Amino acid sequence: MKIATWNVNSLKVRLPHTLDWLAVNQPDALCLQETKQEDSKFPLAELQQAGYQAVFSGQKTYNGVAIISKTVPEDVMYGLPNFPDEQRRVIAATLNGVRVVCVYVPNGQSIDSDKYQYKLAWLTALQNWLKDELVRYPKLVLLGDYNIAPEDRDVHDPQAWVGNVLVSEPERAAFRALEQLGLRDSFRLFEQPEKSYTWWDYRMMAFRRNMGLRIDHILVSEALVPNCTACSIDRSLRKLERPSDHVPVVADIV
DNA sequence: ATGGCTTCATAGTGAAGA
């Protein structure tokens with residue numbers, strides 16, 4: 001099973017990229033974040049024409065998540081049951097016996113912002129919910145835009161980012177708390193190139209200078225670790241016209 | 001560079017992203 005996550009930054013704008021990428025890569029599942037689209041506008045017909053099913057939870061302008069898959073998603077769940085929220089950030093479904101959880105973690109804006117407190121509370125709720133979900137579904141994959149660079153090696157210039165969201169210690173502690181539930185960062189199960197990132201600012205020619213962060217992740221449960229045979233970042237989409245600022249992360253689970 | 005893009009909702013700019 002080839003499974004991927006991508007913050008698409010507007011599915012309306014990036015639908016051609018999405019369809020091309022599906023056609024070339026043929027993943028069994030692609031989890032999207034920041035679709036920025038109401039459900040009535042979701043391009044289901046185009047995806048079906050490409051041979052895919054989809055479940056989605058969107059809203060106008062902000063947020064929005066989707067799971068695109070070759071097989072019919074089962075037991076679909078929308079949002080965190082223990083954290084009522086207008087913001088569409090979570091969708092989960094079972095595919096081929098594997099629980100697939102697609103998340104768009106809040107950005108947090110800045111350390112002194114209310115949005116940062118919301119981010120930390122949201123992450124605590126995610127962790128609490130996953131504790132139970134892992135009992136129900138030992139084979140679980142948590143994919144998405146975590147908006148957390150777990151370690152300094154995931155940051156192009158750690159000094160420059162000190163005091164920022166995405167790298168703060170409470171956020172990194174929340175990431176480690178997920179790992180303590182038995183989830184493993186699939187990217188780090190394998191040898192990887194140095195300076196591997198999944199997001200680059202649109203400004204400052206950041207991509208060309210590789211001034212990026214690794215904030216999109218695929219975590220696999222302990223039961224799936226032996227089945228995970230690869231994980232990589234696909235930088236190619238960042239080189240296209242009108243790219244998303246994020247690129248896909250892809251994992252193979254046999 | 002307390003923001004150099006990009007998106008969306010707007011019909012001027014402003015919010016938000018990371």
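As the structure is a prediction and not an experimental result, all values here were calculated from the model. In the text below, chain A, chain B and the rest are named by the order of the sequence lines, each starting its count at 1.
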Asker: Tell me which residues in residues 103-117 of chain A lie within less than 4.0 Å of DNA chain B, going by non-hydrogen atoms.
Answerer: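 Heavy-atom contacts with DNA chain B come from A:Tyr104, A:Asn107, A:Gln109, A:Lys115.
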Asker: Whole Å only: how far is the CG atom of A:Asn7 from the C1' atom of B:dT7?
Answerer: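 Rounding to the nearest Å, CG of A:Asn7 and C1' of B:dT7 are 12 Å apart.
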Asker: Do we see a donor-acceptor contact under 3.5 Å between the side chains of A:Trp199 and A:Asn7?
Answerer: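 No pair is found: no donor N or O on one side chain lies under 3.5 Å from an acceptor on the other.
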Asker: Is there a side-chain contact between A:Asn63 and the phosphate of B:dG17, meaning an N or O under 4.0 Å from OP1 or OP2?
Answerer: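 For B:dG17, OP1/OP2 do not have a side-chain N/O of A:Asn63 under 4.0 Å.
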Asker: Within less than 4.0 Å of OP1 or OP2 of B:dA18, is there a side-chain N or O belonging to A:Asn147?
Answerer: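 Indeed, a polar side-chain atom of A:Asn147 lies that close.
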Asker: If you measure from the P atom in B:dC8 to the same atom in B:dA18, how many Å do you get, rounded?
Answerer: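 Result for the P pair: 14 Å, nearest Å.
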Asker: Could you tell me how far B:dG4 sits from B:dG14 if I compare only their P atoms? Round to whole Å.
Answerer: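 About 13 Å, rounded to a whole number of Å.
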Asker: Step by step, work out the side-chain hydrogen bond (donor to acceptor under 3.5 Å, both in side chains) result for A:Arg88 and A:Asn63.
Answerer: CA-CA 6 Å; A:Arg88 302 289 187 241; A:Asn63 310 312; over 6 Å; no
Asker: Expressed as a whole number of angstroms, how long is the span from A:Lys60:NZ to B:dT7:P?
Answerer: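 About 18 Å, once rounded to whole Å.
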Asker: Rounded to whole angstroms, how far apart are CH2 on A:Trp200 and P on B:dG17?
Answerer: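 Whole-Å distance recorded here is 21 Å.
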Asker: OP1 or OP2 of B:dA18 versus the side-chain N and O atoms of A:Arg203: is any pair under 4.0 Å?
Answerer: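 No, no such contact exists.
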Asker: Given B:dT6, B:dA18, B:dT7, which nucleotide is nearest the side-chain atoms of A:Lys36?
Answerer: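 Among B:dT6, B:dA18, B:dT7, the one nearest the side chain of A:Lys36 is B:dT7.
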Asker: Please check if any side-chain donor atom of A:Lys70 sits under 3.5 Å from a side-chain acceptor atom of A:Gln26, or the reverse.
Answerer: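 A:Gln26 and A:Lys70 do have a side-chain donor-acceptor pair below 3.5 Å.
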Asker: Send over the distance from A:Tyr62 OH to B:dA18 C1', rounded to a whole Å.
Answerer: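 Taking atom C1' of B:dA18 as the reference, OH of A:Tyr62 is at 15 Å.
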Asker: Considering only NZ, NE, NH1 and NH2 on the basic side and carboxylate oxygens on the acidic side, decide whether A:Glu133 and A:Arg136 come within less than 4.0 Å.
Answerer: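 Looking at A:Glu133 and A:Arg136, the cut-off is met.
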Asker: Check every atom of B:dG4, B:dA18, B:dC5 against the side chain of A:Tyr202 and return the nucleotide holding the closest atom.
Answerer: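 Minimum distance to the A:Tyr202 side chain belongs to B:dC5.
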Asker: Between B:dG3 and B:dA15, how far apart are the two C1' atoms, rounded to whole Å?
Answerer: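 Looking at atom C1' only, B:dG3 and B:dA15 are 14 Å apart.
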Asker: Can you check whether A:His246 has a side-chain N or O nearer than 4.0 Å to OP1 or OP2 of B:dA18?
Answerer: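 Checking B:dA18 against A:His246, a side-chain N or O does come within under 4.0 Å of OP1 or OP2.
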Asker: Under 3.5 Å, is there a donor-acceptor pair between the A:Tyr202 and A:Asn9 side chains?
Answerer: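 Yes - a donor-acceptor pair under 3.5 Å links their side chains.
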Asker: Taking only side-chain nitrogens and oxygens of A:Ser10, does any of them come within less than 4.0 Å of OP1 or OP2 of B:dC8?
Answerer: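 So the side-chain polar atoms of A:Ser10 do come within 4.0 Å of the phosphate oxygens OP1 or OP2 of B:dC8, strictly under.
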Asker: Can you tell me how far CG of A:Asp28 sits from CD1 of A:Ile253, rounded to the nearest 0.5 angstrom?
Answerer: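 A:Ile253 atom CD1 to A:Asp28 atom CG measures 10.0 Å (nearest 0.5 Å).
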Asker: Round to the nearest Å and state the distance from A:Arg209 atom CZ to B:dC5 atom P.
Answerer: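 Spelled out: CZ on A:Arg209 to P on B:dC5 is 12 Å.
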Asker: Tell me what A:Asp216 touches on the nucleic acid: a base, only sugar-phosphate, or nothing, going by heavy atoms under 4.0 Å.
Answerer: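 It contacts nothing in the nucleic acid.
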Asker: Between A:Leu213 and A:Asn164, who's closer to the 5' end of DNA chain B by nearest nucleotide?
Answerer: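 Looking at the nearest nucleotide for each, A:Asn164 comes out on the 5' side.
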Asker: Could you tell me how the ring of A:Phe83 sits relative to the ring of A:Tyr118: parallel (under 30°), tilted (30 to 60°) or perpendicular (over 60°)?
Answerer: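 A:Phe83 and A:Tyr118: tilted rings.
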Asker: Is the phosphate of B:dT7 approached by A:Arg242 (side-chain N or O, under 4.0 Å from OP1 or OP2)?
Answerer: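 A:Arg242 to B:dT7 OP1/OP2: side-chain N or O found under 4.0 Å.
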Asker: Using whole Å, what does the distance between atom P of nucleotide B:dA18 and atom NZ of A:Lys119 come to?
Answerer: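 Roughly 9 Å, once rounded to whole Å.
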Asker: Please report the shortest heavy-atom distance between A:Pro248 and A:Trp6, naming the atom on each side.
Answerer: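 The pair with the smallest heavy-atom distance is N-CD1, 3.6 Å.
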Asker: In whole angstrom, what separates A:Met211's CE from B:dG3's P?
Answerer: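 Answer to the nearest Å: 16 Å.
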Asker: Could you tell me whether A:Val13 contacts a base, only the sugar-phosphate backbone, or nothing, with contacts defined as non-hydrogen atoms closer than 4.0 Å?
Answerer: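 Touches sugar-phosphate only.
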